[in-house]
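Numbers restart at 1 for each chain; the letters A, B, ... are given by sequence-line order, proteins then strands.
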Amino acid sequence: MSRSLITETQNTWCPGCGNFAIEHALKAVIAARVEEGFPPENVVLVTGIGCHAKIADYLDVNSFYAIHGRTIPVATGIKLANPDLCVICCAGDGDCYAEGLDHLIFAAKRNIDLTMIVHNNRVYGLTTGQYTPTSPLHFKGRSTPGGTEEKPLNPPALMLASGATMVARAYTRKLDHLSTIIREGIDHPGFAFIDVLQICASFFNMTEYYNERVYFIEGHDSSDFWSAWQKAREWDYSSDAPIALGTFYRSEEPMFDEKYRITRQSGEGRKRTVRKLLEHRIRQ
Amino acid sequence: MSRSLITETQNTWCPGCGNFAIEHALKAVIAARVEEGFPPENVVLVTGIGCHAKIADYLDVNSFYAIHGRTIPVATGIKLANPDLCVICCAGDGDCYAEGLDHLIFAAKRNIDLTMIVHNNRVYGLTTGQYTPTSPLHFKGRSTPGGTEEKPLNPPALMLASGATMVARAYTRKLDHLSTIIREGIDHPGFAFIDVLQICASFFNMTEYYNERVYFIEGHDSSDFWSAWQKAREWDYSSDAPIALGTFYRSEEPMFDEKYRITRQSGEGRKRTVRKLLEHRIRQ
Amino acid sequence: MEDFSVLIGGKAGDGINRAGFVIGRILSRIGYRIYMYYDYPSLIRGGHNFTIVRASRHAGIASHHVSVDCILALDHATLLRHAGRRTPATITIVNSDSVKAENHAGGLAVPLDTITKEEGGIPIMANSCLIGAFCHATGIPWDVVGTVLDEEMPQETEKNIAIARRGFDAVPEQFILPKGEAPEVPLVTGNEAIGLGLLQAGLDAYVSYPMTPSSGILHYLAEVAGETSLKVIHPESEIAVMLMAQGFAFAGSRTAVGTSGGGFCLMTEGVSMAGMTEVPVTIVVSMRPGPSTGVPTYTAQGDLAFILSAGQGEFPRFVIAPADPAQAFEWSGRALNLSWKYQVPSFILVDKTLSEGTFSFDPEEPEWTGEEPIPRWDGTHPYHRYAEGEGGVSPFCPVPTTGVVVKVNSYAHDEDGITTEDPDRVVRLVEKRMKKSRGMQAEIDALDPVLVSGDPTAATAILCWGTTSGICREVGDIIGLRVVQPVVLSPFPAVALRDALAGVSRIISVEDNAGGQLASLAAAHGITISAQILRYDGRPHALEELRDRVMGVKA
Amino acid sequence: MEDFSVLIGGKAGDGINRAGFVIGRILSRIGYRIYMYYDYPSLIRGGHNFTIVRASRHAGIASHHVSVDCILALDHATLLRHAGRRTPATITIVNSDSVKAENHAGGLAVPLDTITKEEGGIPIMANSCLIGAFCHATGIPWDVVGTVLDEEMPQETEKNIAIARRGFDAVPEQFILPKGEAPEVPLVTGNEAIGLGLLQAGLDAYVSYPMTPSSGILHYLAEVAGETSLKVIHPESEIAVMLMAQGFAFAGSRTAVGTSGGGFCLMTEGVSMAGMTEVPVTIVVSMRPGPSTGVPTYTAQGDLAFILSAGQGEFPRFVIAPADPAQAFEWSGRALNLSWKYQVPSFILVDKTLSEGTFSFDPEEPEWTGEEPIPRWDGTHPYHRYAEGEGGVSPFCPVPTTGVVVKVNSYAHDEDGITTEDPDRVVRLVEKRMKKSRGMQAEIDALDPVLVSGDPTAATAILCWGTTSGICREVGDIIGLRVVQPVVLSPFPAVALRDALAGVSRIISVEDNAGGQLASLAAAHGITISAQILRYDGRPHALEELRDRVMGVKA
Ligand SMILES: Cc1ncc(C[n+]2csc(CCOP(=O)(O)OP(=O)(O)O)c2C)c(N)n1
Ligand SMILES: Cc1ncc(C[n+]2csc(CCOP(=O)(O)OP(=O)(O)O)c2C)c(N)n1
Ligand code: SF4
Ligand code: SF4
Ligand SMILES: [Mg+2]
Ligand SMILES: [Mg+2]
């Protein structure tokens, strides 16, 4: 198996866009898994709509290029249909923290075995620069030229409060670390949430800001929920603070999809069952 | 002003339903406020769809009997149109923790000055007994006769993670306390979230269970986010634990609706403005 | 006796629907065909619920009468509300524990609650007592009552039978309902028939968020999921429902969803996505009076126009509106198969009357289609998900398949599912969908999409669709009119419809809506309606009511 | 010169749209009417963007030509892709910094990037250089260039002007574009015209979630919110948008929302709610090719059938499809007024061509309706929110009003807004809505809902709607055909349409969709289309293209 995992599609991300790093990292992780024997046809990528989502065109794996905000329910259906598949979501921050936030929380609640990679550029990229739920307070975008009056959400904290069993943060300018975290997410049995601080070169270039503040988590007990919660709240996506990169939390819990390992009934078996169900309604 | 605040509509809740307590408490709180001089016509009640929502028919105040899951956006529109109104949402747990969860989180994030009363009977009442996001693990409802495989959400914890500035829990069998909390919620400047453990007499009667476990919070510093977080997580809506009633958290922060105190332009003023905007586009 | 009707009334929570069903089972056991109408407001306890169980010697009944032969009144409200249904011959049985003697109106008084308590039963078991009393009053032998209760009451069986016996003994026989000749067939609701039809055609997953009147499918399928290896999921919202269904189908699972109008609104974006991705999905929409929350536990046919065009953009869809459980069973299976054969959304459009009505269902009547083969990839590499296939349908290849990458896409895309904005490729996709439309039309035209009943030679025809077709058939038989029902509404079977109407000079359309939506559709295809009978109070017509209205415009 | 077209091409991020606009402003300043087509793929940097600015001596232009008089090429791709648009007379200006000399194809070479850098400008300022060069080549006097740049470049004005001057000096004059006679009028996009029309009719709030091609309204109104006391809200989703709008309106604020097909799907449940609550709302839907995500930055008219019936249940709505900014301005204001007058949803249905096209807009052309009075409560207690008012419209009373309780309800309800399941009350509500429909029909019929242009006596007519009407008008003028545009599509102005078509023996319909949706609608009203011209590649017709296609079926 020596597929390149990259399609021939012309890439249309802007120069300097952090999505390249995510594409690269994800490709590398999938390639490594395939190298180790994981069947490549068992990988499925689900994306929303936005700049991030173009990754569906670029990675040469099964993909469902869905609609804005709906990666999770599509991915959930795929995983429940076949729990052997390795299902990865690439979502945008507008996509999955605004339009589709409820699905995200339910994926965490259910602990379904998906890997959610959020391309969190903190802006609507493809629709040319409006604020998102993670834009900092007073962000001036095209729908809020005078600045927002809303504090951002803190997605890792929200995910912890929702029951996610893996919660992590990565950054597109820390490629090796990003790959490590994605690998960890894919290997994690259960719902793995990765908020990736993704540079948007065109509408919200935070490179300098992040470079000055990010640090890798060390000496942190990621099995301890309370320390995870504290780490997650260290930076609130708005005010100045050190920005932790790494896995805040990880635990193993029963997975929702496990109970859907069901073998389908054959055509004839089914007809018999249906007949039996009907016969319950008459003299037995 | 001596309106009874109760309409003549025939009440169709089941005998023993906890909604009576919520109706009574809310009526009492509104009556008290009116007594103190608050104009009754400035009260607006917004409801979803479900047993809880029938309160819109029963309370003789302005009301918007909306659709399933959508109290918050309707209430938000009302409040932004006129920040002087006192806007109260009565929502169901299916209503606002499933169908409409994203709106709830955004109300908290924005800190818009609404009072959200969730009639949390932990079951879909009006559609006859399916599990909701707060039903305990293994709940057997009509859509899950074999029991759910999902742990419930913990709404107060979720609200804390979302930025709500008041987070409280009450119980329909503790009527005085319920009234006190609702009053506190209405007085609170900002988004006040009240999860009310509401007895559903027909589909999930937890009276005994709650009676044995509830206690009133005392000696708790509700301005301290960390202790609030701990209190909120003491009981997880599924396993056995003491169930705290009271205000977990309260703080004052800028309110989203405040910036929408705008006086509308008159007809002629508007036409002039529109002309001016057009004139920007030609030789000045 | 050709026809016998019994009304049971009481409060929500009294188990009226269940009692009606058991009486239906008893009447079915003694040789009658059954139709049961169930009327209830949107509340859990109190209010007024009633069912009318109609038993007939004839197959195919699908309506109730205004007047009934027997009234079983658990409370006073039942007597008051249904006074107009009594004839001099009507037998009335009254719960004397809840209705004062001066209000018995000449009925047989039975102290249902007292008897139930004496036998150590819980309040709802008063129904068993009432059933016993009903049977004795109408001369139904005790052994029938006993065996049916034994089958229908798996819990506390003994106690229920004992209570029923007390009721049986509490009233004298009034007349003897003769035995009928029909062999016993199952009683099912429309919702159950849909569920069973989908199951036998290979359903792998059912995804739904509860919404009246569709919830019965969810409840029934959840109940039988274990026996049938079906995956039943109740997610966070209808948006999730529709998108999950697409995920299931992408991974090869035959999936259906169910909802009503408001929930369907939330699915429309996903429906349009299915139009572009060509991932199959079957959507059951059960109608109730709108707009919005409307009158949730009542009936309507107000969503046809919406379903026909829901979702942005243009893409083909099947819309099928069965009239009764036999059609529901047969056509639900077909809808699932057609959706997979053409990779398009298929709709099963029903209403509260069918969904929650109970009918005698002869399993031998409909066709059992089973899971039909679909166009599959022949294994020639490379696989193109959106290859030009016959009639615009691209051969299907399941995920996972070794060496194959399957990409579906909500954007306009090329053969491999990669996004395109190229005008020629965009045109190609549009024309691919148009090609499918033509194939779907031919398929439907070959499937007998328009059913004719009543007097097929009559020059006056009733044109109807969905559940109203059942009662129209009966009216057609009574007055001698042709009755024409397009079972399929998209692709519209215009040719078959014109054939079915050949020789007709007057068309009377009957619909449970205010806009005459089928009438408009027919008009758009050049078929002119002479008179419209519309009803929009949420209630289905009683047989006499519709007969009289049709007589009124028949001229 | 009657007509002059210039194409500017480059990469996304090069500022092509802006450059086109400035050239439009310059040509407008020297006395021409302008239409500008903007073509861009869905990406932020790279790819190929182009605009065609057409200047004409005639008002009402709304289309571009295939061939152009001038090509301004920022890159090689522009020359390659648009080679077919060149005529022997076409003047080409090439950025010699990005296009190799052997590829200049005889164009005037200007080192745009070098000049820009030399003047200390940033890369995007190369546009100013190009504009300068264009103006000199076409003989437009420098003072015009300087003053327009001064107006249009409030930042770094000096630098831009200096760079433009260098471009101006870099090429020789090729010919002199004569001055036109038209007085200068503003250039606006369709989106801006909608926003302005709503504002002048009393808009209090605009709520929207970004979605191409409607986002321009959001951006524009957010920008001018301060000056106009408008509340502009961008919430978490389109569901929230629609429901917030209902909340605003309940509290008395005149509110509009805007979206495109996918976002509109999510609003349908709220639209149906508006149908039941009778809380007014104005909904702008700007179409792009579907289904689903489709081709997001291109154009289509594929959602008409959907918009006409979106939402469960039956309720009246206004659907208005303006053709150009003048109609958009006038009818957006009307839509807002009508929505409040009848307490129903009103739609403004446009498409990418209108939304993102730029047009000369003469503010004196449309009617400025302003905020019109609505039926208000007369103060007689008690107030009934859903009282029987004239024509089914209940008098309005704002919240808060002392002593008044206002209850709106998504369930069927009584006069006070209290839930009902009573059949008579349900019927009353349905009939209240039907009464409104009749009033709305009369209102529309009185408003000149069908516009006729071209040769009003011709026996062959082009039937069109929305943006395609602009180009059809031009084609009609050229070939001498009658051009008939129903501006209102619901209530359908059947009588006015038949009047407009009186004496016509051949109707050619033109639509940017594959289904011929207006044609079907006309057919349902007994108007038969002789030939359909459909386009569905996401691109609007060029004038010659449509002219030729019409000629082809005119016979
Ligand atoms: C229902 C719906 N609403 C709106 C849109 C328009 N839309 C397309 S992409 C996008 C924003 C994407 O932002 P984000 O998710 O942050 O992704 P990014 O482009 O930044 O990667 C929006 C709003 C849509 N496609 N569908
Ligand atoms: C979009 C939509 N989906 C489903 C329904 C059906 N429905 C009506 S009430 C209800 C459940 C209400 O449960 P909850 O919110 O917990 O309220 P309760 O009845 O328990 O007070 C549902 C699912 C609906 N009205 N609208
Ligand atoms: S707009 Fe931002 S997120 Fe989108 S491709 Fe460009 S840099 Fe990347
Ligand atoms: S079903 Fe439950 S929540 Fe609903 S009215 Fe009855 S007791 Fe109350
Ligand atoms: Mg983003
Ligand atoms: Mg509930």
Heavy atoms, side chains only, cut-off 4.5 Å: are [X] and [Y] in contact?
X	Y	result
A/R281	C/F21	yes
A/H103	C/I239	yes
A/R264	C/R254	yes
A/R110	C/P235	yes
A/I67	C/E269	yes

Calculate, to the nearest 0.5 Å, the distance between atoms [atom1] and [atom2] belonging to [X] and [Y] respectively.
X	Y	atom1	atom2	result
A/L277	C/L199	CG	CG	7.0 Å
C/F361	A/I282	CZ	CD1	11.5 Å
C/R29	A/R283	CZ	CZ	4.0 Å
C/L196	A/K271	CG	NZ	13.5 Å
A/S266	C/E371	OG	CD	10.0 Å
C/S253	A/L80	OG	CG	9.0 Å

Step-by-step side chain to side chain contact (heavy atoms under 4.5 Å, CB included) determination, A/K79 to C/M244: CA-CA 10 Å; A/K79 186 72 184 175; C/M244 275 188 197; over 6 Å; no
Any idea which of [options] has the most non-hydrogen atom pairs under 4.5 angstrom with chain A?
options	value
C/V207, C/D416, C/I233	C/I233
C/Q200, C/Q246, C/M273	C/M273
C/D150, C/L203, C/T147, C/V279	C/L203
C/E184, C/E152, C/E236	C/E236
C/G202, C/A240, C/S28	C/G202
C/G417, C/S229, C/A245	C/S229

Passing candidate, side-chain contact (heavy atoms from CB on, under 4.5 Å) with C/T228, options A/I262, A/T273, A/V274: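 Option passing the side-chain contact (heavy atoms from CB on, under 4.5 Å) with C/T228: A/T273.
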Heavy-atom cut-off 4.5 Å, strictly under: side chain, backbone, both or neither for [X] against chain A?
X	result
C/T401	backbone
C/S237	side chain
C/V232	backbone
C/Y383	neither
C/V188	both

Give a yes or no on whether a salt bridge exists between C/D204 and A/R270, defined as a side-chain N under 4.0 angstrom from a carboxylate O.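 Judged by the 4.0 Å cut-off on N to carboxylate O distance, C/D204 and A/R270 do form a salt bridge.
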What's the verdict on salt bridge (Lys or Arg N to Asp or Glu O under 4.0 Å) for A/R275 and C/E364, showing C-alpha distance, side-chain angles and the deciding distance? CA-CA 10 Å; A/R275 274 201 195 277; C/E364 304 315 319; 3.1 Å; yes
Contact summary for C/V405 and A/D60, nearest pair of heavy atoms: CG2-O, 3.6 Å
What option among A/T76, A/L278, A/N82, A/I105 has the most heavy-atom pairs under 4.5 Å with chain C?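 Most heavy-atom pairs under 4.5 Å with chain C: A/L278.
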I need the residue from A/A66, A/G267, A/A75, A/G69 with the largest number of non-hydrogen atom pairs under 4.5 Å to chain C. A/A66
Let me know which of A/T9, A/T12, A/D57 forms a side chain to side chain donor-acceptor pair (under 3.5 Å) with C/T419.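 So, applying the side chain to side chain donor-acceptor pair (under 3.5 Å) to C/T419 and each of A/T9, A/T12, A/D57, only A/D57 qualifies.
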Counting a contact as any heavy-atom pair under 4.5 Å apart, which residues of residues 44-56 of chain A contact chain C? A/V44, A/I49, A/A56
With a 6.0 Å cut-off (strictly less than), is the heavy-atom count around [atom1] of [X], excluding the residue itself, greater than 12?
X	atom1	result
C/K179	NZ	no
C/E227	CD	yes
A/E36	CD	yes

Turns out that what part of A/F64 lies under 4.5 Å from chain C's heavy atoms comes down to both
